[in-house]
Amino acid sequence: MKKVWLVFTAAVLLALSGCAADAELDTLQPQGPTARDIDNLLDPVLIIAYVVFFLVFGATVIIWWKFRDRHEDEKFPKQIHGNTKLEVLWTIIPTLILAGVSVFTLITLSSLNSRETNEITLQVENESVAWEPEVVVIGQQWWWEFRYYFDGLDGVDLSDARNLPPADIVTAGQLVMPIGQEIELSVTSRDVIHSFWIPALNGKRDAAPGRVHPWKLEADEPGVYFGQCTEFCGLSHSRMRMQAIALEPEDFQTWVDQQLVDQTADQITDEAVARGLTVFENQCARCHVVNGVNEDTSIGADLVSNAAPNLTHFMSRTTYAGGIFNLYEPDGTVDRTQLEAWIRNAPAEKPAYAQGRRGMPALGLSEDEIDDVVDYLQTLGTPPSSFIIQATEVD
Amino acid sequence: MSEETTTGLSHNKLAMWVFLGSECLLFGALISTYLLYRNKFYDGPAPGDIFDIPFTSVSSFVLLMSSLTMVLALAAIQRGDIRNNRLWLLTTALLGAVFIGGQVYEFTTFIREGLGYTTSPFSSAFFTLTGFHGVHVSLGIVMLMSLLISSYRGKLTQKNSETVEIIGLYWHFVDVVWIIIFTVIYLVPNPTS
Amino acid sequence: MDTSETTTDVEEEHEHHEHPSDGKYMQIALILAIITAAEVATYFVHIGDALIPTLMVMMVVKFWIVAAWFMHLRFDSKMFTRFFVSGIVLAISVYFIFLTVFEFWTEG
Amino acid sequence: MTDTISEEVTEEQRPLGVYTRPKGGNGWRDWITTVDHKKIGILYGAAALFFFIIGGIEALLIRLQLATPNGTVLGADMYNQVFTMHGVTMIFLAAMPLAAAFANYLIPLQIGARDVAFPRLNAMSFWVFLAGGIFINLSWLLGGAPDGGWFGYAPNTGVIFSPSVGMDFYAIGLQITGIASLVSAINLTVTVLNMRAPGMTLFKMPVLTWMLFVVQLLLVFAMPVIAVALFLLMFSRQFGANFFNTEMGADPLLWQHLFWIFGHPEVYILVLPSFGIISEVIPTFSRKPIFGYDFMVFSGIAIGFMGWGVWAHHMFVSGIGPLSVAAFSLSTMFIAVPTGVKILNWIATMWGGRVKFSSPMLFSVGVISMFTIGGLSGVTHALSPADTQQTDTYYIVAHFHYVIFGGIIFGLFAGLYFWWPKVFGHMLDEKMGKINFWVMLVGFNMTFGPMHVLGLQGMSRRIDTYSPGFGFEAWNMVATIGSFIIALSVLIFLINVVTSVKKARGKPPCGPDPWDARSLEWMTPNPTPEHNFDEIPTVESLDEFWHRKWGTDDEGQIVRVATAEEVCQKGTATGVHLPSPSYWPLIFAIGLPLLGLGLIFNLWLTLPGGILIVTALYAWIFEPVDDPDGPHGDHHEVNEEISEGASDV
Ligand code: HEA
Ligand code: HEA
Ligand code: CUA
Ligand SMILES: [Cu+2]
């Protein structure tokens with residue numbers, strides 16, 4: 001029996017020491033300074049924990065071998081009632097250990113809460129803007145919205161997340177950020193409590209309605225960093241995922257440039273796309289916004305959260321519907337089948353309450369309409385680089 | 001009580017005190033919830049707009065005096081003075097009823113003035129807190145009336161004065177809770193809209 | 001095992017002191033009434049910054065008087081006081097922290 | 001639920017055996033009207049085991065769903081109900097009542113009393129608990145179980161976000177079981193303070209009684225907090241109150257604070273009974289007194305006390321601000337100190353002893369090592385920055401199953417094996433008990449050990465499915481297999497019970513002292529007679545029973561001074577005045593769920609509920625204290641002195 005134990009602990013140890021190379025959500029493989037701080041705090045404490053455990057466990061093993069009663073007589077061992085010195089000792093030693101641990105905890109905690117904002121210079125519509133990287137993160141059932149205000153958040157009232165002032169960039173599911181920069185997040189929610197979490201970059205922070213919680217992210221290297229909503233938020237909580245996409249500063253500038261372009265109808269030449277636009281205007285525009293087609297964000301008032309993903313640059317994302325579907329195959333072609341299935345009957349792809357008022361409803365479109373609207377969707381935005389598309393693959 | 005117990009205290013009285021200890025956390029939670037929400041009156045009336053301090057002062061005074069009559073009822077039964085015991089029990093119950101009457105009046109006035117149970121977090125917290133207190137007082141009245149009934153059936157004598165004492169403890173507790181509510185909820189300056 | 005100095009045992013005397021007379025109760029009630037009047041007076045007479053501390057002091061005094069005299073805690077077993085005070089102290093400290101964590105005191 | 005397993009054995013032979021009560025006659029009536037703390041204890045135990053299996057089956061469903069990625073065993077909606085009900089059932093309907101079973105059965109016996117202070121209230125507590133448990137589970141049939149998680153964070157539990165009646169059942173059902181806990185806690189508090197045998201000072205009470213006493217105090221002060229939280233939820237759902245309506249400026253953290261102010265003391269409410277149990281088992285099988293009795297008692301009190309100042313460690317990421325986080329982070333860490341004192345004292349008790357690893361002892365040693373793992377992972381959560389990575393992942397799930405299953409369920413099983421002969425008069429099979437333990441140990445570690453890894457690899461909790469590719473597949477499969485091994489071990493336990501009952505049938509009860517036990521409850525014969533003690537013993541020391549059996553000779557050697565049979569009372573006293581049975585506790589309890597159903601479905605239903613409650617209360621008050629035809633109603637003056645104790649409430 002004891003062998004089982006040893007093998008098991010060995011396995012746990014191995015796994016803990018980072019054998020699982022492909023774990024995209026692994027908390028023990030930090031990819032940014034904050035996550036690294038946290039990891040550095042945890043690791044030594046894990047070692048202390050192992051030591052304490054093996055002391056306790058070792059003692060029971062010794063008792064098993066040494067003090068097991070092998071006689072069937074009525075002899076008694078020495079009757080010891082206690083020992084005050086020992087008691088004091090094993091009160092003080094853990095206290096000291098924990099006092100030491102708490103010092104490091106406080107240090108890490110304060111660095112976790114410190115803010116180090118560098119302004120970066122961005123070109124926004126041919127103007128140079130000094131931007132303190134700040135992103136508003138809004139959770140709702142069951143996807144995330146990210147808003148960029150290049151004039152800063154000072155004048156932006158975030159107290160009612162269902163009714164936010166227009167932003168320069170509104171995107172969903174994927175937070176795009178420059179590397180080597182601390183990005184300040186303002187996390188809030190439009191309905192219930194969610195929790196925003198990109199394990200490789202930082203711990204999590206709850207998104208609560210009516211409250212704005214500060215948080216931050218920083219990545220060392222370009223890449224796609226996966227996350228998952230971790231506060232239970234109802235039916236599709238497990239299908240509320242997100243990614244942070246970290247780009248080189250130049251690539252980030254390119255992304256910003258692309259996001260600032262509106263989708264006006266006069267660019268459309270293809271007939272199917274034009275028909276798709278009509279479908280969009282008739283069916284989708286009451287919830288979704290495509291800048292240049294419709295503006296009013298409150299049309300989808302029948303949704304509890306009052307908002308659906310902004311689709312202006314839909315194709316610039318690599319996942320959709322709360323980050324659960326990949327928009328592109330690894331070779332860069334669009335996975336139309338899945339997208340059509342989504343538009344055919346979204347609740348069948350991602351559970352939503354039958355009573356509606358959240359999530360995307362099944363709209364009962366004909367197959368032709370679906371085809372057209374997907375054609376139209378495919379014109380929205382510039383596809384990301386193949387590096388991002390490939391990094392989106394999980395395996 | 002003749003019963004011998006380890007501490008020499010009666011089970012019933014000890015149980016009542018343990019229960020009152022527990023009630024402290026109940027009312028504490030309700031009061032804190034109220035405090036948290038006293039500013040959250042949304043579109044409805046604010047506490048400062050709507051409270052009628054003179055009126056509440058009178059009903060607070062009534063409840064406070066019911067504590068006196070309660071203790072007099074106890075003193076009477078402990079002396080074996082059944083007649084005065086009944087008198088004071090009845091007075092206590094009546095004073096309690098006046099207080100409850102006042103509360104009902106207060107609530108209906110508030111509702112007329114636009115402060116319903118669902119008007120705002122403030123209104124929900126206010127009605128819940130004072131409602132809980134009111135239910136406690138009402139239960140107290142029921143218990144006092146039961147005492148009176150058993151007194152008229154000849155069951156309440158000097159020997160079981162402890163029953164009166166225990167119900168008295170409950171009654172006084174409900175009174176001290178109101179002492180807190182009256183100060184913290186009514187007298188401390190209230191926000192207005 | 002040192003068990004001689006246990007606290008809550010038979011030894012604990014529960015001698016029933018003479019309870020106060022009716023007259024005494026009336027006096028106490030009169031004091032309560034006067035404090036209440038003073039409390040209510042603060043609504044009409046403005047005393048500035050001292051208001052809240054004054055109110056709190058009066059509230060605590062009233063509370064204490066009712067508990068000590070009407071509820072007989074002064075005369076009764078310490079055990080009762082212990083439970084009641086535990087409840088009160090626990091409630092006050094826990095809910096004080098609770099409100100503090102909401103930044104209740106600083107929100108104005 | 002117990003009388004279905006009854007057997008045809010006459011009452012004279014087995015006055016108490018739950019499995020051996022006569023079927024015919026009014027056997028079941030005896031059970032539903034009983035006010036005997038021992039029967040109520042047995043009822044608690046049976047109900048708790050029943051709910052444990054329900055909760056366990058829910059757990060197995062969870063594990064089946066998660067065995068492979070993109071699982072299809074349960075849909076998302078069903079999954080959410082199942083894990084919520086698993087948590088609720090296990091915590092409130094299995095672990096707490098199983099502890100209550102021990103508290104009810106053992107407290108009066110360990111302090112040398114004939115019953116609890118308020119026998120009828122005690123019966124009421126049980127029936128109200130059962131009514132609440134059944135009520136919550138009725139939701140499966142009446143429109144969907146609760147689906148907001150066991151801590152039901154607002155506003156996700158509001159009507160908009162949780163439109164089924166499930167959360168109504170949660171709010172009202174837990175309120176009902178809460179009443180049961182509070183009443184029982186007051187009852188047992190008074191019992192411990194007021195009904196100790198002569199000479200039994202507080203510091204001669206067995207550690208188990210001490211721990212249970214601390215638990216009752218925690219319950220007394222913690223239940224009202226959850227009561228308020230549940231009222232706020234109920235009023236919000238039923239009457240549209242705005243406590244959690246964030247559109248009007250309400251703060252969703254209000255619920256979290258109230259829940260966890262209760263919730264953290266709750267986890268010590270759960271674990272302290274188990275700590276108490278193994279504090280009885282370990283000295284017995286080490287043949288040594290408990291090491292550092294005073295420190296054991298005081299650390300228990302310290303844990304209970306400190307448990308009130310740490311609740312926000314469940315809220316490190318909910319946005320309470322860095323200062324609060326820092327404060328709660330530190331307070332949480334230092335709870336490890338008194339807990340460590342306990343662990344080390346148990347080890348010191350065994351150290352240098354002559355340790356017999358019988359099945360209760362195996363489970364106790366299991367607690368020491370498994371709980372330590374859970375406690376240590378708890379300390380890693382207390383590092384608030386690290387907890388931002390851990391919270392709401394399977395690393396937390398691993399933590400709390402290690403403390404709960406490793407700390408509580410193992411401890412309760414130790415207790416079941418240890419006191420089974422006391423309660424039923426026959427032993428459980430030792431060999432099967434040991435197999436039971438080893439299978440459970442392996443299954444347990446296979447199930448919950450991998451969850452540490454899963455959590456650190458980023459697997460969130462409360463997800464009905466996960467995608468392949470994140471590295472979750474292998475460990476989830478291991479965990480699922482492990483959970484079925486646990487199920488097997490529970491099955492072994494059940495088989496052990498059945499075969500042991502069969503084997504014992506017709507045989508005389510086992511001896512009075514199968515384990516060379518130490519505390520007062522063993523001074524009554526096995527199974528305990530209805531009146532407990534023939535004569536209330538006078539207590540001189542901790543481990544009174546043991547000291548009456550063993551003395552020291554001139555050389556300081558321990559020698560037997562009396563056999564257990566000699567020390568043990570015969571259980572033959574007659575004419576002891578015991579409180580009479582009553583129907584009203586049960587009737588009262590039936591009223592409550594009706595009231596609840598009325599609030600949820602149709603207010604008219606509250607009418608019969610209310611009538612039942614009021615009738616029961618008044619009948620209760622006016623019911624004669626003694627049933628003239630009752631079994632022990634003979635009220636001789638002579639017996640008056642030993643009839644002390646139970647009040648007529
Ligand atoms: C029986 C129940 C029980 C017990 C006893 C504990 C004990 C502890 N728990 Fe646990 N806890 C739960 C049940 C329990 N917990 C549950 C159910 C949850 C999750 C609720 C939910 O979200 O659903 C939870 C969650 C939980 C969290 C929140 C995690 C999160 O959601 O983010 C935290 C954070 O600090 C925590 C900490 C602790 C600590 C520090 C202890 C300490 O008391 C442990 C102390 C013990 C030891 C440390 C081991 C022995 C000590 C020694 C051998 C001495 C030497 C030690 C050192 C020097 C370190 N627990
Ligand atoms: C006392 C508390 C307790 C106990 C004992 C358990 C026991 C178990 N729990 Fe527990 N669990 C919780 C309390 C508990 N749990 C809580 C509070 C939560 C959080 C809920 C929430 O998030 O809201 C949780 C959540 C939780 C999850 C996470 C769900 C999620 O986040 O999505 C998982 C997943 O594996 C799990 C698994 C298990 C397993 C496999 C067992 C096993 O140990 C169960 C073993 C028991 C059995 C297997 C029964 C065996 C008996 C039989 C099978 C006999 C058959 C007989 C007949 C057919 C007649 N539990
Ligand atoms: Cu959003 Cu979970
Ligand atoms: Cu906790």
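A note on names: the letters A, B, ... follow the listed sequences, proteins ahead of strands, and every chain is numbered from 1.
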Check: In terms of heavy-atom pairs under 4.5 Å with chain C, which of B/Ser67, B/Gly168, B/Ala75 leads?
Finding: B/Ser67

Item checked: CZ on B/Phe173 to CZ on C/Phe63, rounded to 0.5 Å -> 7.0 Å

Margin query: Heavy-atom cut-off 4.5 Å, strictly under: side chain, backbone, both or neither for C/Met58 against chain B?
Written below: neither

Note to self: Between B/Glu23 and chain C, with a heavy-atom cut-off of 4.5 Å, which part of the residue counts as in contact: side chain, backbone, both or neither?
What the structure shows: neither

Margin query: Which atoms of C/Tyr43 are under 4.5 Å from chain B, going by heavy atoms: the side chain, the backbone, both sets, or neither?
Written below: side chain

Checklist line | Closest non-hydrogen atom pair between B/Lys13 and C/Phe80, with its separation | finding: CE-CE1, 3.5 Å

Item checked: Residue B/Tyr105 excluded, over 12 heavy atoms near OH under 6.0 Å -> no

Check: How many angstroms lie between CE in B/Met70 and OH in C/Tyr25, if you round to the nearest 0.5 Å?
Finding: 11.0 Å

Checklist line | Parallel, tilted or perpendicular, as decided by the 30° and 60° cut-offs, for the rings of C/Phe84 and B/Trp17 | finding: perpendicular

Next item on the list: Please assess C/Phe83 against B/Leu14 for the test side-chain contact (heavy atoms from CB on, under 4.5 Å), listing each intermediate value before the final yes or no.
Entry: CA-CA 9 Å; C/Phe83 272 104; B/Leu14 184 56; 4.2 Å; yes

Note to self: Let me confirm one number: the OG1-NZ distance from B/Thr7 to C/Lys78, rounded to the nearest 0.5 Å.
What the structure shows: 14.0 Å

Next item on the list: Name the region of C/Ile52, side chain, backbone, both or neither, that has any atom closer than 4.5 Å to a heavy atom of chain B.
Entry: side chain

Next item on the list: Please flag which part of C/Leu99 lies under 4.5 Å from any non-hydrogen atom of chain B: side chain, backbone, both or neither.
Entry: side chain

Item checked: Residue part contacting chain B, namely of C/Ser86, when any heavy atom lies under 4.5 Å -> neither

Checklist line | ring pair (Phe, Tyr, Trp, His ring centres under 6.0 Å) involving B/Phe27 - partner list, sequence neighbours excluded | finding: B/His136

Next item on the list: Quick one: which of B/Pro189, B/Pro54, B/Gly28, B/Ala76 has the most heavy-atom pairs under 4.5 Å with chain C, could you say?
Entry: B/Gly28

Note to self: Quick check on C/Leu30 against chain B: is it the side chain, the backbone, both or neither that has a heavy atom closer than 4.5 Å?
What the structure shows: neither

Checklist line | Pairwise distance CD1(C/Ile28) to CG(B/Leu68) - rounded to 0.5 angstrom | finding: 9.0 Å

Checklist line | Pairs touching residues 65-78 of chain B that satisfy salt bridge (Lys or Arg N to Asp or Glu O under 4.0 Å), sequence neighbours left out | finding: none

Notebook entry, point to check: For the atom pair CG (B/Asn84) and CG (C/Asp22), what is the distance rounded to the nearest 0.5 Å?
Noted result: 8.0 Å

Notebook entry, point to check: Would you say the side chain of C/Tyr95 lies within less than 4.5 Å of the side chain of B/Ile31, judging by non-hydrogen atoms?
Noted result: no

Item checked: Closest-packed option against chain C by number of heavy-atom pairs under 4.5 Å, given B/Ile53, B/Leu169, B/Val177 -> B/Ile53

Checklist line | Heavy-atom closest contact (B/Leu35 atom, C/Phe104 atom, distance) | finding: O-CE1, 3.0 Å

Notebook entry, point to check: What closest approach, in Å, do B/Leu64 and C/Ala33 show between heavy atoms, and which atom pair accounts for it?
Noted result: CD2-N, 4.4 Å

Next item on the list: Between chain B and each of C/His72, C/Met56, C/Met71, count heavy-atom pairs under 4.5 Å; write down the option with the most.
Entry: C/Met71

Next item on the list: Name the region of C/Phe96, side chain, backbone, both or neither, that has any atom closer than 4.5 Å to a heavy atom of chain B.
Entry: neither

Check: Can you tell me how far CD1 of B/Ile180 sits from CD1 of C/Ile88, rounded to the nearest 0.5 angstrom?
Finding: 7.5 Å

Item checked: Side chain / backbone / both / neither for B/Ala29 at chain C, heavy atoms under 4.5 Å -> both

Note to self: Between C/Met59 and B/Val188, is the side-chain contact (heavy atoms from CB on, under 4.5 Å) condition met? List the steps.
What the structure shows: CA-CA 11 Å; C/Met59 177 182 90; B/Val188 166; over 6 Å; no

Next item on the list: Tell me, for B/Met65 versus chain C, whether the close heavy atoms (under 4.5 Å) come from the side chain, the backbone, both or neither.
Entry: side chain

Next item on the list: Let me know if C/Leu55 has heavy atoms under 4.5 Å from chain B in its side chain, its backbone, both or neither.
Entry: both

Check: By a 4.5 Å heavy-atom criterion (distance strictly below it), what part of C/Phe98 contacts chain B: side chain, backbone, both, or neither?
Finding: side chain

Item checked: Residue selection (most heavy-atom pairs with chain C, distance under 4.5 Å) from B/Cys24, B/Ser57, B/Gly21 -> B/Cys24

